[in-house]
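Numbers for residues simply follow the sequence, beginning at 1. Every heavy atom of this structure was used, including side-chain atoms; hydrogens, water molecules and symmetry mates were not. All ligand and atom numbering here is 1-based and tracks the order in the structure.
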Amino acid sequence: MTLLYTSDPTRGAIWRAIFAAEAPDIPFVTAQDGGPPADTRYLAAWAPTPALIAQLPALEVVFSIGAGIDQMDPAALPPHVRLVRMIEPGITQGMVEYGVMATLMLHRDMIHYRAAQGERRWAPRPSLPAASRRVGVLGLGELGRALLAALRPFGFALSGWSRSPRAIEGVDTHAGDAALPSFLAACDILICLLPLTEDTRGILDRRNLSCLPPGAAVVNVGRGGHLVADDLIALLDEAHLSAAVLDVTDPEPLPADHPLFAHPRVLVTPHIASATRPESGARAVIANIRRHLAGEEMTGIVARTRGY
Ligand code: NDP
Ligand code: OXD
């Protein structure tokens with residue numbers, strides 16, 4: 001019942017140490033250890049190739065090394081193989097830190113002050129109380145809910161949007177495509193924390209971004225494929241939108257001559273909002289293997305038909 005790990009080798013060394021100390025009964029091998037063992041029942045990977053999957057006849061579960069699974073090709077997995085996304089406290093904490101940082105930066109006009117400093121201008125602006133700032137999150141999953149909980153003590157007016165109805169204390173929740181325009185119309189700061197699926201690709205396009213109120217700002221920490229960059233740039237240049245913080249882009253890395261890099265009201269970071277922490281990620285996978293061995297439901301199972 002071997003677990004094969006095929007991701008970053010430095011992180012893999014930490015996974016190996018955690019498995020050796022805390023789950024010595026589960027054989028742990030990495031891609032560097034040689035060809036995959038025939039009894040590989042579990043695979044921890046970012047984007048396994050069809051050629052690798054074909055070499056694993058005993059495979060039962062693929063654990064994504066990340067929260068997202070859009071990098072996987074579910075069609076390459078035999079139908080009986082379960083696909084499980086990463087849910088672990090380290091990745092959640094990282095996203096909470098980044099989401100709070102981006103929200104506060106936009107709330108306190110830091111994109112304006114960065115530009116003013118570049119021009120050596122002393123240019124104070126009136127600041128708005130947090131209660132008057134409406135912050136909306138697209139996606140009320142593990143990460144969206146944790147971010148909203150962390151934003152709540154600041155006193156922002158919080159809202160969220162998901163596919164199915166969700167009740168979250170202190171958050172005005174909306175569900176489904178029909179509710180999207182009215183949800184967007186009440187977001188001064190919009191944060192995208194959706195998975196990338198056939199339904200969500202290009203969701204941050206001119207039509208939807210135009211529903212935001214004048215002066216609104218956008219944070220994309222989902223995937224680059226959610227955003228239509230030309231539409232965002234046009235709405236910034238038309239002054240309908242005030243600023244954007246983008247941690248994810250399409251493509252990645254963003255080419256050096258891409259207009260997003262040069263735009264004075266866009267802050268780009270290189271997909272660093274959050275990442276699975278190797279210690280807690282390994283422990284989350286061990287806990288799921290234990291559940292699987294005990295015949296219990298694992299946490300984070302992906303519904304392949306839904307795409308997340
Ligand atoms: P979850 O699967 O826990 O949550 C997804 C949420 O999105 C759910 O609330 C779901 O609705 C909602 N959703 C999905 N499809 C739709 C749709 N068509 N319409 C409306 N709502 C929809 O995901 P996580 O919170 O764990 O992660 C979210 C994403 O964050 C990842 O998929 C990844 O792309 C991104 N990410 C980015 C990182 C970075 O460093 N930039 C790091 C980690 C993750 P419902 O509740 O009804 O199911
Ligand atoms: C993830 C990511 O999905 O790092 O985990 O983007």
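- A cation-pi arrangement, defined by a distance under 6.0 Å to the six-membered ring centre and an angle within 45 degrees of its axis, is present between R306 and Y308.
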Let me check something: any side-chain donor-acceptor pairs from residues 165-181 under 3.5 Å, sequence neighbours excluded? List them with distances.
from: D172; atom 1: OD2; to: H174; atom 2: NE2; distance (Å): 3.3
from: T173; atom 1: OG1; to: R166; atom 2: O; distance (Å): 2.7

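- Between R290 and D25 there is a salt bridge, since a side-chain N of the basic residue sits under 4.0 Å from a carboxylate O of the acidic one.
- No side-chain heavy atom of L138 sits under 4.5 Å from any side-chain heavy atom of I191.
- The aromatic rings of F156 and F154 sit tilted relative to each other, their planes meeting at an angle between 30° and 60°.
- Residues meeting the side chain to side chain contact (heavy atoms under 4.5 Å, CB included) test with E60, sequence neighbours left out: R41, H292.
- For ligand 1, the 4.0 Å heavy-atom shell contains residues A67, G68, R85, I91, M95, G139, L140, G141, E142, L143, W161, S162, R163, S164, R166, L193, L194, P195, D199, T200, V221, G222, R223, D247, V248, H271, A273, S274, Y308.
- Between T269 and L246 the shortest side-chain heavy-atom distance does not fall below 4.5 Å.
- Contact annotation: the side chain of F63 approaches that of M298 to within less than 4.5 Å [non-hydrogen atoms, C-beta and beyond].
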Protein N/O near ligand 2 N/O, under 3.5 Å, which pairs?
from: ligand 2; atom 1: 3 (O); to: A67; atom 2: N; distance (Å): 3.3
from: ligand 2; atom 1: 3 (O); to: G68; atom 2: N; distance (Å): 2.8
from: ligand 2; atom 1: 3 (O); to: R223; atom 2: NH2; distance (Å): 2.7
from: ligand 2; atom 1: 5 (O); to: A67; atom 2: N; distance (Å): 2.7
from: ligand 2; atom 1: 6 (O); to: R223; atom 2: NH1; distance (Å): 2.9
from: ligand 2; atom 1: 6 (O); to: R223; atom 2: NH2; distance (Å): 3.3
from: ligand 2; atom 1: 6 (O); to: H271; atom 2: NE2; distance (Å): 2.6

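- Checked for salt-bridge contact, D188 and R134 meet the test: a charged N lies under 4.0 Å from a carboxylate O.
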